[in-house]
Amino acid sequence: MKKLFLIIFTAIIPFIAYSQEIGKDAIAFSGKTTTSETISLSDYKGKVTVLDFWASWCKPCKEEFPFLIELYEQYSEKDFSVLTVNLDTEFDNFKKFIKKLNKDVPFKIILDPDSKIPTLYNIESIPSVFILDKKGVIRYIHIGFTSSEKDNFKKEIESLLD
Amino acid sequence: MRYIYILILFLVLVSGCAVVQPWERERLADPNMMFDENPIQKGIKEHYINIREGSEGGNGSQGGGCGCG
Amino acid sequence: MDRKIFVILFLIFPIFIFSQEQPDNEIQVNFNSYFDNFRLNVIYPSINVVKNIDKNTSITGSYLVDAISSASMKMVLRVDGITSATSNKQGGADNTPDELRHQINLGVVRNISGVSVSADGMYSIEHDYSSKTFATNISVPFAKKNTVLQLGYAGNWDKIFPQNRFWTKNRNTSTINLGLTQILSKKIVAQFDFSFINIDGYMPDGYQVVRIVNNYNLYVLEPIEPEKRIRKALGIRTNFGVSKLSTLLLGYRYYWDTWDIKSHTMDAEFKTHLSDNMNVAFSLRQYFQTKAYFFKGTYTEAEPLMGVDSKLNSGYTNDVSINLSYKGNKNTKLPFLNNERLTFLASVGFYHRHTDSPDWVIRISELYAYLITLGLKISI
């Protein structure tokens, strides 16, 4: 019995370190956007929100970003929004990526070069996407991105909009 | 059974030793930081080397990079 | 006991929940060429395809036609290049060229909760040699992917049937590979690799012959090499991000085996971005090797073990190469170069091998070889 307890105890430590967050309230934060406006996550209560952590040097993040614009354009007329947190340490790299996109970004981007916000969420990889319901509860988490996930994303958002 | 304890301890220690956070891997994301970024080129080189030299192995596997997911 | 193991695995499971970046969907076509002073001139093409089936699965396939083969060694008195094969116009018993080797590979990689598992099969055939390979690999990330452990196994089953002999012989190889990739800092990543290779069966090249020369006689015999060989190698490589645009890779490998061959390999590679689309790499490799305990440069009488393969001789090699890649840029006015789905590759290498006694066929100690590769990657 002692042996079993020891096994469980030593094995559970990493489990606690990476506790699951689905079903929990998204941790509150605020930050400055590209237009120096200070916004908070709580500003998005009442809307289904896609919260994305990304950086311009991360390849799957770059592939995902145009899809986030597509999502916003498709669902923004319902109670939906997108909020992204950019983690580039060099602003020039961020600017270069946005310019290369050749598209207007219709949603807000918080700039977090000191990476204070991903620490709150214990981000394990980027891109990390948290889909929040209208009450600000985390309902879905996506780590990484491939184009085969697009339909899944849309189904999840639609299930929360209903 | 002893080896299972050692394995668990190793995993716990390793999981607690995150040296570089995912958002700090900008430099590591450079394709040049990957080992064997072009495995086909590596395979071609190893082929002509293996028919000329008496050694084999120990020359790595693909890896490195930013580990973005 | 089984329940305990289940509990352990269940509780540790969350550690493994990381996603892995998928490879790009692409086709790579290479035209590889090889020229050396042992009179071998070859151009051989290869094609490789990678396709993602879904978020967690990708498949790879490749085909190549290859003429660098140590299996196609012909009789000593009819030397024709490294293989000592006859000229292209004269083949083996069926009169078709013997130097051509066809190889096909198929593989699948699957991501299972962050753990990457792959399986590959390869089949290679030429007129006097066939080889089947099965390989599998598991790759497990830890600590937010700062550490990746890899364990691989490969089995090879080869058949050797030279066209001027009346036998068919087998050679079976098992390889176990352990790898550890560790991020050491924001700019440094290291990799440790250990290989264990066990070979049983017929070891010499099918066409090699041992010249027995004494005062009055010259006659030839087939080589006799041990039918077992265990090979081990331990390597370490480290990639340094030396500046914003450049990286430096330094590597060292120590090899040893049951034939008493020991070797040291040192290599360095400097890579730099010349622009957003162009990358260049300079590589240098040095290799030193001792000889197999039964190897001799010349034989004056028949012995229980006789090996003449230059690979088993003591010596050293120098290898330098330069690799260039250019990714299509839509702002360029030139056709093809403005296609962002294309990446052009070019590589030139120079290889020099010195053996401490002359090669058994060409009778010189210095081999000089040039390698040129042109390649094209197409994103699909």
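Just so you know, these numbers use all the heavy atoms, side chains as well, and skip hydrogens, waters and symmetry mates. Owing to the predicted nature of the structure, the values given are computational and were not obtained by experimental measurement. Convention: sequence-line order gives letters A, B, ...; per-chain numbering from 1.
- Looking only at heavy-atom pairs under 4.5 Å with chain B, the residue among C:Q289, C:K377, C:K291 that has the most is C:Q289.
- Neither the backbone nor the side chain of C:S325 comes within contact range of chain B, judged by heavy atoms closer than 4.5 Å.
- Contact annotation for C:T355: neither backbone nor side-chain heavy atoms come within less than 4.5 Å of a heavy atom of chain B.
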Working for side chain to side chain contact (heavy atoms under 4.5 Å, CB included), residues B:E53 and C:T317: CA-CA 9 Å; B:E53 297 172 8; C:T317 69; 3.1 Å; yes
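- For C:A190, the part sitting under 4.5 Å from any heavy atom of chain B is the backbone (N, CA, C, O) and nothing else.
- A side-chain N or O of C:N177 and one of C:S195 form a donor-acceptor pair less than 3.5 Å apart.
- Between B:R25 and B:D30 no salt bridge is recorded (no basic side-chain N to carboxylate O distance below 4.0 Å).
- When heavy atoms are compared at a cutoff of 4.5 Å, C:S243 approaches chain B solely by way of its backbone atoms N, CA, C and O.
- Listed options C:F240, C:Y351, C:F194 were ranked by heavy-atom pairs under 4.5 angstrom with chain B; first place goes to C:Y351.
- C:Y34 and C:N32 form no side-chain donor-acceptor contact under 3.5 Å, judged by distance and modelled atom types alone.
- Of all the listed residues (C:S62, C:S185, C:S46), the one sharing the greatest number of non-hydrogen pairs under 4.5 Å with chain B is C:S185.
- Looking at C:L178, there are no atoms closer than 4.5 Å to chain B (heavy atoms on both sides), in backbone or side chain.
- B:S55 pairs in a side chain to side chain donor-acceptor pair (under 3.5 Å) with only one of the listed residues (C:Y255, C:W256, C:Y287), which is C:Y287.
- Side-chain contact annotation: C:S116 with C:N111, donor-acceptor N/O pair under 3.5 Å absent.
- C:L312 does not touch chain B: none of its heavy atoms, backbone or side chain, sits under 4.5 Å away.
- Among B:Q41, B:E24, B:K45, B:E56, the residue with the largest count of heavy-atom pairs under 4.5 Å with chain C is B:E56.
- Ion pair C:D257/C:K232 not flagged as a salt bridge, since none of the NZ, NE, NH1 or NH2 atoms sits closer than 4.0 Å to an Asp/Glu carboxylate oxygen.
- In this structure, no portion of C:L248 lies under 4.5 Å from any heavy atom of chain B.
- Listed options C:L64, C:N48, C:I261 were ranked by heavy-atom pairs under 4.5 angstrom with chain B; first place goes to C:N48.
- The part of C:D319 that comes within reach of chain B is its side chain, from C-beta onward, which places non-hydrogen atoms under 4.5 angstrom from that chain.
- If you look at C:F288 and C:H264, their ring centroids are not closer than 6.0 Å.
- Counting heavy atoms of neighbouring residues, nucleotides and ligands inside a 6.0 Å radius, atom OH of C:Y252 exceeds 12 of them.
- Of the residues considered (C:T175, C:N279, C:L234, C:I236), C:N279 shows the highest number of contacts with chain B, using heavy-atom pairs under 4.5 Å.
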